[in-house]
Amino acid sequence: MDGSLPVSVIRTACPHDCPSACVLEVERLSATRIGRVRGSASYDYTAGTCCAKVARYAERVHHPARLTRPLLRIGAKGEGRFAPIPWEEALDRIAEAFRQAAARDGAEAVWPYHSGGTMGVLARWGLDRLRHVMGYSRQKSTICVTPAESGWRAGHGAARGADPRLVAEADLILMWGGNPVSTQVNLMAHIQQARKRRGAKLVVVDAYRSPSIEAADLGIILRPGTDAALALAMMAVALERGAADRGFLAAHTDWNAGVEAHLRRHTPDWAEGITGVPAATIRALAEMYAGTRRMFLRAGVGFTRHRNGAATMHAISCLAALTGAWAEEGGGAFFYALEGWGLDTRLAWASDRIDPRVRVLDQSRIGAVLNGEALAGGPPVTAMLIQNANSAEVAPDSAAVRRGLARRDLFLAVHEQFMTPTAALADVVLPATTFLEQSDLYLGLGHTALTVGPRVIAPLGEARSNHAVVCALAARLGAEHPGFGLEEEAMLDATLRASGLPGWEEAKARGHIPVGNAIPAGPDFAGFPQPDGRFRFRPDWAALGPHAEGMPELPSHWERLEAASAATPFRLITPPARSFLNTSFTETPGSRSREGMPRLRLHPADAGRLGIADGAPVRIGNARGALTLHAMHFDGVLPGVVAVEGISPSADFPEGIGINALIGAEPVAPAGGVAFHDTAVWVQPA
């Protein structure tokens with residue numbers, strides 16, 4: 001008996017590392033099985049839409065390769081030989097390893113590590129509760145949006161923006177560095193509303209011809225890392241056309257004659273030489289921008305994943321301020337809503353127990369940390385529990401990450417849904433629930449609501465939630481905190497009520513909770529979240545992070561890139577694949593069949609010069625490593641640029657390691673992060 005129930009539809013929420021944080025409706029076929037998944041119309045941002053990956057979630061939750069029992073390594077690290085063990089033994093082994101590491105080198109030798117595999121308030125950040133109570137090494141979470149956040153904060157003062165639903169009221173939507181057709185279908189639905197009802201124009205700027213470029217009224221393809229030059233030229237033309245809103249600039253920004261003189265010098269002809277975009281095209285775009293008051297800038301994160309990414313974000317974010325678009329209904333700008341959620345995290349994260357004396361290790365530099373190069377003054381890391389992360393494939397400089405994870409003196413526990421390359425390096429592997437088998441809350445990073453995710457089905461096999469594992473380890477380690485004694489829904493209820501929000505049952509009935517953390521745009525605009533309410537054309541970079549030296553004082557194209565050279569003449573970008581989400585969904589049949597094997601998108605002129613036929617095997621590499629894949633002639637990049645959509649599994653490459661082996665892990669100025677799209681490589685026939 002499986003406890004069969006009548007088929008019903010349960011409202012829950014998507015947990016994945018995507019700004020949409022969709023409200024979902026899931027068919028429950030029985031207590032243990034689901035059917036179809038669709039976006040819910042009960043929340044007007046989700047608007048009844050979800051991506052194809054999640055619509056096929058039954059493929060993932062019921063996949064035969066799901067982990068169902070705790071496993072103990074019985075062979076050499078990375079050999080992949082494991083034997084099942086009871087949960088109690090698995091937890092005892094982890095707790096004892098943590099105790100031994102702390103006794104030998106101090107509590108900072110233990111590094112609990114999490115990332116964005118699951119984005120729940122409990123499932124993503126609940127591991128911090130154990131970290132903070134026990135005094136284990138802290139984590140600086142930088143791997144995804146830190147450069148973008150720093151650049152946005154430099155001008156606006158906080159990682160907030162206009163309500164993204166207002167894009168439906170715009171006359172011009174400027175989608176910069178994002179691909180919503182593939183990666184954020186809800187946003188595309190709102191853009192389509194504006195196009196149908198208002199005749200709005202969609203402009204998409206990117207470094208390759210994405211599906212969103214193909215869907216745009218005007219698509220701009222430029223050289224990677226040169227986006228700021230395009231934005232500066234657009235502002236120069238707007239000033240030339242008299243489109244600057246002088247009243248808005250005087251009332252709501254730090255605009256002065258020096259800023260204006262600086263911007264006027266950056267002409268379309270100047271920008272053509274940097275971006276590779278013809279000056280006539282730049283001028284046409286700039287005149288469209290200058291001539292449209294209701295302009296909504298939707299900034300993505302792709303263009304910020306360069307060594308100059310934060311400075312580039314700041315320059316682009318100036319566009320809406322210059323023309324006063326913020327004061328127009330349907331105008332303004334948005335990137336991510338990382339702040340303003342108002343959640344009381346003392347129970348869920350033990351945020352009241354943070355000890356500022358405990359060192360902070362950079363998530364993005366996990367390879368350097370584990371190889372003893374970025375230890376922030378403390379002891380080597382000798383014990384880890386990893387949740388929500390497949391760092392052996394997702395983190396930069398993957399070869400260094402794998403060397404670190406494979407250290408014989410490192411005890412590694414991985415809590416996972418599948419046997420990932422990271423889990424294969426573990427000493428103990430724990431089976432994890434999916435979002436359908438646990439309850440949680442999700443921050444709508446791409447909109448302005450908390451979405452509510454009650455459990456839909458029972459856990460598969462012996463799988464346990466992140467919260468359950470954290471609480472069980474706390475009990476063994478003697479960690480004391482009220483949050484360790486609560487079940488998931490009791491914890492969520494207490495967190496909501498402490499935050500002045502409806503309790504869990506009411507939240508579950510609603511499906512989402514509006515938070516209202518947008519910067520009001522249109523007639524209600526009253527200023528930016530800076531101390532004086534003014535947008536900063538002249539940012540204080542030093543206040544935003546420790547790596548600010550040399551950053552430009554005014555909006556600029558900052559020539560800080562991993563430049564092409566004679567040895568590595570191509571610039572590599574690694575944009576997301578439509579059917580994968582980092583390495584999630586790389587195991588499901590639908591996503592695998594749609595994406596196929598990894599391919600190197602290469603301009604036909606470059607392919608002809610190198611003698612590389614379409615579909616032929618090709619080698620790509622730099623000082624960090626080399627990989628083999630197949631060439632795809634593609635005129636949707638500029639000559640000298642190559643693209644590999646990812647992240648394809650390491651097993652798809654003959655070398656057994658994936659594309660991030662070529663990516664550098666140096667921190668992006670001013671606050672860290674990864675330059676995933678800023679890589680110089682050589683290319684040659686295989």
Side-chain angles (χ1 to χ4, degrees), residues 177-179 181-183 204-216 218-227 272 275-278 281 302-303 305-306 562-580 586 591-622 625-655 657-663 676-686:
N179 179 16
V181 168
S182 293
T183 62
V204 179
V205 180
D206 212 331
Y208 86 127
R209 191 175 65 233
S210 69
S212 295
I213 287 268
E214 294 174 344
L218 176 60
I220 303 290
I221 299 172
L222 40 56
R223 294 184 183 121
T226 66
D227 303 71
E272 177 179 354
T275 64
V277 181
T281 302
F303 69 88
R305 289 172 172 163
H306 297 270
E562 186 167 284
S565 66
T568 52
F570 288 89
R571 298 293 309 287
L572 167 68
I573 59 173
T574 57
R578 185 167 190 166
S579 299
F580 300 154
T586 57
S591 293
R592 292 290 293 159
S593 63
R594 181 164 187 166
E595 294 300 328
M597 297 298 285
R599 294 170 293 178
L600 179 75
R601 286 166 166 78
L602 179 69
H603 194 278
D606 291 325
R609 180 172 52 82
L610 295 171
I612 298 173
D614 190 32
V618 61
R619 295 273 289 165
I620 177 175
N622 56 23
L627 301 173
T628 305
L629 60 170
H630 286 82
M632 174 183 174
H633 290 188
F634 182 65
D635 63 2
V637 291
L638 298 183
V641 178
V642 293
V644 178
E645 291 187 341
I647 305 172
S648 293
S650 297
D652 287 356
F653 296 84
E655 296 78 10
I657 195 167
I659 195 65
N660 284 341
L662 307 182
I663 308 300
F676 281 111
H677 304 324
D678 184 7
T679 305
V681 296
W682 48 258
V683 176
Q684 62 189 35

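Heavy-atom basis, side chains included; hydrogens, waters and symmetry copies ignored. Since the structure is predicted, the reported quantities are computational estimates derived from the model, not experimental observations.
- Between the side chains of S579 and E595, at least one donor N or O sits under 3.5 Å from an acceptor N or O.
- Put simply, the side chain of H633 gets close to the backbone of D614: a donor and an acceptor are under 3.5 Å apart.
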Worksheet item: salt bridge (charged side-chain N to carboxylate O under 4.0 Å, His left out) between R592 and D652: does it pass, once the steps are laid out?
Response: CA-CA 11 Å; R592 292 290 293 159; D652 287 356; 2.9 Å; yes
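- In plain terms, the two heavy atoms of F570 and L610 that are nearest each other are CZ-CD1, 3.8 Å.
- Taking all atoms of both residues into account, the shortest heavy-atom contact from E562 to A680 is OE2-N, 2.8 Å.
- Using modelled atom types and a 3.5 Å distance limit, the side chains of T275 and R223 yield no donor-acceptor pair.
- Heavy-atom minimum distance, V181 versus P211: CG1-CB, 3.6 Å.
- Looking at T568 and N622, their side chains never bring a donor and an acceptor atom within 3.5 Å of each other.
- Of the possible polar contacts, one joining the H677 side chain to the T574 backbone as a donor-acceptor pair under 3.5 Å is found.
- The shortest heavy-atom contact between D678 and R571 is OD1-NH2, 2.8 Å.
- In this structure, I221 and G636 approach most closely via the heavy-atom pair CD1-O, 3.6 Å.
- What you find for L572 and I620 is that their closest heavy atoms are CD1-CD1, 4.1 Å.
- Taking CZ from R601 and CD1 from I573, the interatomic distance works out to 9.5 Å, rounded to the nearest 0.5 Å.
- Rounding to the nearest 0.5 angstrom, the gap separating the OG1 atom in T679 from the NE2 atom in H306 is 9.0 Å.
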